[in-house]
Amino acid sequence: MKHNRFYSGFDTQTLGEPRKKDYRSAFQVDRDRLIHSHAFRKLQSKTQVFLSGEYDFYRTRLTHSMEVAQIGRSICHYLASEECPSHALLAPDFYIDDDLVEAICLAHDLGHPPFGHSGERTLQEIMRDHGGFEGNAQTLRLLGETIFESETAVRGMQPTRALTDGVLKYKKLYREFTGPGAKPTNHFLYDYQEKQRSFVFANRKIPGELHDGLALNAFKSVECQIMDWADDAAYSLNDIVDGVKAGFLTIERIEAWAAKTESHWNGQTGPHKLSAKTRGDCLRKLIDGIRADKLERMFAAKIGTFVRATRLKERINFMSPLTNRYRFELTIAPAAVAEAEFYKKMANDIIFESPQLQQIEYKARRVLHTLWEAAWENYVEPPQARRAIKVIPIRAAHQINEARTREGKARCICDWLAGLTDGMIVRTYRRLVDPEFGSIRDLS
């Protein structure tokens with residue numbers, strides 16, 4: 001196997017017990033364990049934008065993760081190619097590992113619950129007083145502690161330090177948000193995950209300036225930055241394609257939206273501001289693509305443009321002496337970032353804020369709150385006047401009973417809910433509340 005000087009034993013050290021020797025690289029083991037996990041397979045039945053299973057051609061969390069992984073690998077190859085202006089910083093034996101980046105990209109949505117962003121917002125509300133819920137923090141929990149399940153126990157996959165760090169888009173703890181209205185709704189780690197953060201940073205003290213505002217959340221390894229941009233590139237473009245196919249994005253709605261949001265763009269400042277000319281070009285090309293029925297092909301080519309918008313540059317920080325993952329950072333052409341933001345705002349305003357998707361959010365709230373209350377009143381605060389009813393699978397119930405604190409029990413209920421697929425959670429809900437539904441599928 002070719003030696004890569006970019007990484008050292010520090011990067012391949014594992015969270016938890018050391019691994020046995022293997023013919024594969026440490027990062028290939030990371031990737032392979034992810035692909036063969038139950039949690040990864042569940043992504044095929046979790047909502048990306050539209051409910052999974054509604055139509056065959058809509059993206060799910062699984063197909064989205066695969067697309068992000070492909071873009072991530074492409075960025076690695078581009079940065080090392082002679083076409084990239086910053087390729088001189090790398091060498092044939094000194095490069096960003098595409099197996100590692102692929103693993104990070106495949107893992108980045110593992111912790112997200114059923115019903116997409118609607119489900120995530122609902123769990124954030126439910127867990128507000130129990131340590132919070134965050135999709136990326138939940139991904140870290142899976143990798144380090146719960147991805148492998150049996151009837152009586154759960155365990156992590158012993159991820160490498162580089163993989164663990166790579167999924168940490170956000171590194172600020174829940175309790176570190178202070179001041180009025182301090183409890184955040186997203187972009188944090190669970191408080192108990194401070195030990196995983198310490199592992200990532202080799203127990204080094206975090207400089208004070210990184211605790212200011214959101215600076216710590218912006219402090220990412222280069223592989224995490226690649227995953228983050230690959231994710232942005234994928235969903236900013238692909239949500240538009242799926243929206244057009246679903247009939248949410250019509251030429252009339254796009255034109256009306258463009259006129260309505262003119263003041264938003266005019267009020268923008270900074271390097272990522274999208275000029276009126278660029279907005280006009282984006283709109284014209286989008287509408288032309290819809291009329292000519294070539295939008296998917298056009299946006300597939302745009303992925304290549306977003307890949308070529310990346311560069312590497314060197315940086316100095318408290319971790320750079322220890323690992324090249326912090327000696328280098330990814331930069332992205334401001335025009336590409338602005339264009340991605342343009343498509344994301346369009347998708348959010350026209351698709352996510354539409355009555356049809358808001359109905360899904362209402363359903364997510366109702367279903368998740370009902371299942372949460374059923375678990376809580378039967379496993380955490382059982383009624384005195386009647387016997388507790390076994391309403392959740394034995395494995396999840398065992399984890400709740402093993403937890404010693406109310407917050408720990410709440411976290412285990414949250415694990416169960418977040419791990420359900422769209423189909424599983426709806427069937428579970430119907431078994432509990434619909435007198436005419438008696439399916440015994442998915443009981444274990």
Side-chain angles (χ1 to χ4, degrees), residues 38-39 42 45-47 109-156 174-175 183-186 188-193 361 363-384 386-433 442-444:
H38 188 202
K42 283 182 180 179
S45 297
K46 287 192 177 185
T47 294
D109 270 353
L110 280 181
H112 285 267
F115 298 129
H117 296 297
S118 301
E120 186 172 15
R121 281 191 290 268
T122 302
L123 280 181
Q124 287 163 357
E125 295 171 9
I126 290 172
M127 290 294 291
R128 181 174 174 82
D129 295 325
H130 303 289
F133 175 80
E134 217 290 333
N136 291 99
Q138 193 69 14
T139 294
L140 176 61
R141 181 170 169 83
L142 277 162
L143 295 182
E145 303 166 79
T146 66
I147 196 168
F148 297 132
E149 304 172 338
S150 68
E151 288 302 312
T152 58
V154 293
R155 63 184 176 87
Y174 192 63
R175 68 170 185 268
K183 288 183 179 177
T185 56
N186 55 13
F188 57 85
L189 290 179
Y190 304 145
D191 287 340
Y192 84 90
Q193 292 176 326
E361 178 141 10
K363 176 164 64 175
R365 288 175 58 83
R366 185 161 191 164
V367 170
L368 283 163
H369 275 284
T370 298
L371 296 187
W372 169 272
E373 289 162 7
W376 188 265
E377 70 181 29
N378 285 287
Y379 294 89
V380 182
E381 294 180 345
Q384 300 298 318
R386 63 168 175 81
R387 72 184 183 94
I389 301 173
K390 298 176 182 179
V391 295
I392 66 176
I394 294 172
R395 178 181 64 251
H398 177 77
Q399 298 304 316
I400 297 168
N401 293 332
E402 286 290 301
R404 294 288 176 258
T405 65
R406 285 168 65 88
E407 186 170 291
K409 291 178 184 296
R411 183 63 61 197
C412 291
I413 296 174
C414 184
D415 286 344
W416 168 59
L417 292 173
L420 295 172
T421 65
D422 294 0
M424 291 163 64
I425 198 168
V426 169
R427 287 193 292 272
T428 302
Y429 175 83
R430 292 185 65 192
R431 279 200 302 272
L432 291 180
V433 304
D442 305 316
L443 286 181
S444 62

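When reading the values below, keep in mind they use all heavy atoms of this one structure, side chains included, and skip hydrogens, waters and symmetry mates. For the single chain, residues carry numbers from 1 onward in sequence order.
With rounding to the nearest 0.5 angstrom, the CG atom of Leu189 is 10.5 Å from the CZ atom of Arg175. Taken to the nearest 0.5 Å, the CD atom of Gln399 stands 12.5 Å off from the CD1 atom of Ile394. Atoms CZ and CD, from Arg395 and Glu149 in turn, are 4.0 Å apart once rounded to the nearest 0.5 Å. Within the model, atoms NZ of Lys46 and CD1 of Ile425 stand 9.5 Å from one another, a figure rounded to the nearest 0.5 Å. Here Glu402 contributes atom CD and His398 contributes atom NE2; the two are 4.0 Å apart, rounded to the nearest 0.5 Å. Considering CG of Leu110 and OG1 of Thr146, their distance stands at 9.5 Å, rounded to 0.5 Å.
Taking 4.5 Å as the limit, some side-chain heavy atom of Arg366 sits within range of a side-chain heavy atom of Tyr429. Residues Val367 and Leu371 form a side-chain contact, since some pair of their non-hydrogen atoms from C-beta on lies under 4.5 Å apart. Here the side chains of Tyr379 and Cys412 are not in contact, with every heavy-atom distance at 4.5 Å or above. No side-chain heavy atom of Trp372 sits under 4.5 Å from any side-chain heavy atom of Glu125. Within the 4.5 Å cutoff, the side chain of Glu361 has heavy atoms near those of the Arg121 side chain. In this structure, the side chains of Asp422 and Ser45 stay at 4.5 Å or more apart for every pair of heavy atoms. Using a 4.5 Å heavy-atom threshold, the side chains of Thr122 and Phe115 count as separate.
At a threshold of 4.0 Å, the pair Asp129-Lys183 counts as salt-bridged, since one of the basic side-chain nitrogens sits closer than that to a carboxylate oxygen.
Residues satisfying the side chain to side chain donor-acceptor pair (under 3.5 Å) test with Arg155, not counting sequence neighbours, are none. Annotation: side chain to side chain donor-acceptor pair (under 3.5 Å) contacts of Gln124 (sequence neighbours excluded): none. For Trp376, the side chain to side chain donor-acceptor pair (under 3.5 Å) partners are Glu381, not counting sequence neighbours. Applying the side chain to side chain donor-acceptor pair (under 3.5 Å) rule to Asn136 yields no partners; only residues at least two apart in sequence or on another chain are considered.
Ala418 and Pro114 make their closest contact through O-CD, 3.7 Å (heavy atoms, listed as atom of the first residue, atom of the second, distance). When all heavy atoms of Gly131 and Phe188 are compared, the closest pair comes out as O-CE1, 4.0 Å. Listed here is the closest heavy atom pair of Lys42 and Thr421: O-CG2, 3.7 Å. What you find for Pro113 and Leu123 is that their closest heavy atoms are CB-CD1, 3.7 Å.
Ring planes of His112 and His117: perpendicular class, angle over 60° (limits at 30 and 60°).
Residues in residues 137-147 take part in these salt bridge (Lys or Arg N to Asp or Glu O under 4.0 Å) pairs, two or more places apart or across chains: Arg141-Glu145, Arg141-Asp415. Annotation: ring pair (Phe, Tyr, Trp, His ring centres under 6.0 Å) contacts involving residues 135-156, sequence neighbours excluded, are absent.
In terms of modelled atom types and a separation under 3.5 Å, the side chain of Lys409 and the main chain of Ile400 share a donor-acceptor contact.
Between the side chains of Gln138 and Tyr190, at least one donor N or O lies within less than 3.5 Å of an accepting N or O.
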